[in-house]
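Just so it is clear: chains get the letters A, B, ... in the order the sequence lines come, proteins before strands, and each one is counted from 1. Keep in mind the model is a prediction, meaning the values are calculated, not measured.
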2 protein chains.
Amino acid sequence: MYRLLNMRSIPENQIPRETVDDRTTKARIRDAAIASIAEYGINGTTARKVAGAAGVSPGLVIHHFGSMEGLRSACDQYVANAIREFKERTMTGGPTLDVLAALRDAPNGPLMGYLAQVLADDSPAVAKLVDDLVDDAEGYIQQGVESGLLKPSDDPRGRAVVLTVWSLGALALHQHLRRLLGTDLTDPGILTDPAAAAYIAPVYEIYGEGILEETFAARARAAFTDNEGAT
Amino acid sequence: MYRLLNMRSIPENQIPRETVDDRTTKARIRDAAIASIAEYGINGTTARKVAGAAGVSPGLVIHHFGSMEGLRSACDQYVANAIREFKERTMTGGPTLDVLAALRDAPNGPLMGYLAQVLADDSPAVAKLVDDLVDDAEGYIQQGVESGLLKPSDDPRGRAVVLTVWSLGALALHQHLRRLLGTDLTDPGILTDPAAAAYIAPVYEIYGEGILEETFAARARAAFTDNEGAT
DNA sequence: CAATAATCTATACATATGTTCAGCCCTTGT
DNA sequence: ACAAGGGCTGAACATATGTATAGATTATTG
């Protein structure tokens with residue numbers, strides 16, 4: 001019934017690199033798992049649900065990925081690679097400030113939803129991805145500083161970490177943002193969504209001006225460098 | 001063995017308000033559940049594990065809370081109330097900018113860890129708590145503006161939402177922050193931890209100065225108000 | 001075309017988990 | 001002291017889930 005075409009001409013078990021042809025049954029199972037995790041979360045995603053969504057038997061997902069943990073790992077790595085490739089492809093034209101600005105118009109369906117779900121409980125692949133995103137952000141921010149767009153920082157690395165974690169944290173808490181502002185960061189077509197302004201406008205206001213008045217900022221900085229806890 | 005004292009003189013089933021005496025077996029089960037969720041997550045917390053940690057039988061947790069979902073709901077409400085009470089108690093002395101600054105020195109053990117775990121998958125109680133935290137932040141920020149500490153905003157509500165979600169998102173992604181900066185936001189004694197500066201210093205730098213150079217900020221604002229998508 | 005190997009299904013098994021239930025024990029009120 | 005009622009236990013039940021296995025099916029290869 002669901003056996004339309006079976007490109008077994010490619011013995012994919014012997015292919016070391018993924019991301020070449022990819023639309024075998026194994027890939028369909030992985031895509032179904034990614035979509036399920038993006039929609040129902042990791043714990044709402046069972047072997048039988050994935051099998052049903054992919055139109056295969058439950059045993060086949062184990063046959064292909066060894067275990068559910070293997071499937072999870074494969075999804076993590078696939079999504080991480082997809083995000084990296086997308087960034088490489090779009091980041092060529094000028095630096096952007098945060099991660100979401102780079103991934104916002106990703107047409108890759110549930111990628112953002114998947115990332116939002118797995119950011120909370122860290123797998124090794126997700127940790128690696130976050131580390132890479134921070135590294136990339138640090139590079140792009142440095143470019144921005146050198147080209148006069150961004151202010152220099154006393155702690156470039158720390159600032160890159162904070163900005164990246166803020167962006168990813170907002171993605172992880174997208175349900176709250178959607179409830180509070182009407183902006184859904186996991187929406188693939190968020191670039192053309194006017195509701196995104198409710199989130200982006202305050203973000204750029206903070207990025208542009210900060211929130212502290214100069215006198216208070218100087219005082220807070222002095223209090224911070226000298227001592228702490230002085231009310 | 002674990003039945004040291006049993007204050008059954010208080011028929012707690014008929015007491016509408018919790019947070020009065022509280023250290024009955026039911027309270028111990030709830031606390032064990034909160035600690036377990038804070039450490040192992042929601043899905044790593046089973047009825048038997050909670051029962052074992054509380055020193056009771058698995059059936060008793062169901063007897064007291066009806067179901068595991070009831071236990072989860074009770075934990076959500078208890079933590080939300082504890083956070084609200086702690087804020088009320090400490091917020092009297094001057095406004096603070098973000099949520100974490102208010103909750104940072106909460107001595108209530110695994111409260112922050114619990115919040116970090118449940119922020120991702122929203123329950124009604126958590127959604128209500130986040131809404132309240134945003135409302136509080138909006139009020140405190142307004143006080144800060146009126147007293148000259150904080151800059152005014154074109155969108156006070158939106159700015160409060162963004163700042164709150166950023167703070168909570170950083171809490172939800174605390175493992176990444178700990179890996180990247182060595183700062184553990186769920187650590188109860190974070191106020192005295194010098195490693196916290198690795199996170200707080202960049203935060204206050206951004207809060208104080210922003211990150212955009214004035215010329216670029218003005219240009220971005222103009223491009224944003226006029227149009228969008230222009231590179 | 002036959003052999004072979006891989007894909008895939010259907011079923012079964014083991015385990016974990018939520019939940020229920022019959023009954024014991026202990027405290028409390030009379 | 002005695003009855004009573006609820007806290008509490010231990011075991012059992014139903015279900016869901018991950019995983020293994022035997023066999024059927026299908027495509028590829030010599």
Side-chain angles (χ1 to χ4, degrees), chain A residues 1-16 18 21-33 36-37 40-76 121 123, chain B residues 1-15 18 21-33 36-37 40-75 121 123:
Chain A
M1 43 180 73
Y2 31 72
R3 198 171 304 126
L4 294 181
L5 76 167
N6 228 337
M7 37 188 67
R8 209 160 349 119
S9 55
I10 303 176
E12 71 181 313
N13 283 347
Q14 305 177 4
I15 291 184
E18 300 264 342
D21 185 289
D22 230 334
R23 202 49 189 173
T24 63
T25 305
K26 185 176 181 179
R28 266 189 303 133
I29 295 175
R30 170 182 30 71
D31 291 346
S36 174
I37 289 176
Y40 306 109
I42 292 177
N43 313 288
T45 297
T46 68
R48 283 168 177 78
K49 289 180 185 172
V50 171
V56 299
S57 71
L60 194 59
V61 44
I62 302 298
H63 171 75
H64 275 304
F65 296 94
S67 67
M68 286 304 286
E69 187 179 341
L71 174 61
R72 164 71 197 284
S73 180
C75 292
D76 277 353
D121 56 359
S123 71
Chain B
M1 42 180 72
Y2 32 72
R3 198 172 305 127
L4 295 179
L5 76 168
N6 228 339
M7 34 190 68
R8 212 165 341 126
S9 54
I10 304 175
E12 70 182 313
N13 283 346
Q14 305 175 6
I15 292 184
E18 300 262 343
D21 186 289
D22 227 336
R23 203 50 190 175
T24 63
T25 305
K26 185 176 180 180
R28 265 190 303 132
I29 294 174
R30 168 177 39 66
D31 291 347
S36 174
I37 289 176
Y40 305 109
I42 294 177
N43 313 287
T45 298
T46 69
R48 283 169 178 80
K49 289 179 184 173
V50 171
V56 299
S57 71
L60 193 59
V61 44
I62 302 298
H63 171 75
H64 275 304
F65 295 94
S67 67
M68 285 303 286
E69 187 179 341
L71 174 60
R72 165 70 196 283
S73 180
C75 291
D121 55 359
S123 71

In terms of heavy-atom contacts, Pro58(B) and Arg48(B) come closest through CG-CG, 3.8 Å

Which one, dG18(D), dT17(C), dC8(C), comes nearest to the side chain of Met68(A)? dG18(D)

Please tell me if His63(B) has a side-chain N or O lying less than 4.0 Å from either OP1 or OP2 of dG7(D). yes

For the backbone of Gly41(B) and the side chain of Thr45(B), can you confirm whether one donor and one acceptor N or O come within less than 3.5 Å of each other? yes

Heavy atoms from C-beta onward define the side chain here; which of dA20(D), dA10(C), dT20(C) lies closest to that of Ile62(A)? dA20(D)

Considering only heavy side-chain atoms of Thr25(A), the closest of dC8(C), dT20(C), dA12(D) is dC8(C)

Could you state the atom-to-atom distance from CD of Glu69(A) to P of dG18(D) in whole Å? 12 Å

Test your reading of the model: is there a side-chain donor-acceptor pair from Arg28(B) to the backbone of Ala54(B), 3.5 Å cut-off? yes

Distance in angstrom units between Phe65(B) CZ and dT20(C) C1', rounded: 18 Å

Could you check which of dC8(C), dT19(D), dG18(C) has an atom nearest any side-chain atom of Ala47(B)? dG18(C)

How many whole angstroms separate atom NE2 of His64(B) from atom C1' of dG18(C)? 17 Å

Position toward the 5' end of DNA chain D (nearest nucleotide), Gly66(A) or Thr46(A): Thr46(A)

For Asn43(B) and dA16(D), give me the distance from atom CG to atom C1', rounded to whole Å. 14 Å

Could you check if a side-chain atom of Tyr40(A) sits within less than 4.5 angstrom of a side-chain atom of Lys49(A), using non-hydrogen atoms only? no

Could you work out which one of dT9(D), dG18(D), dT7(C) sits closest to the side chain of Val56(B)? dT9(D)

Distance in angstrom units between Ile42(A) CD1 and dG18(D) C1', rounded: 16 Å

So which one's nearest nucleotide on DNA chain C is more toward 5', Arg48(A) or Leu60(A)? Leu60(A)

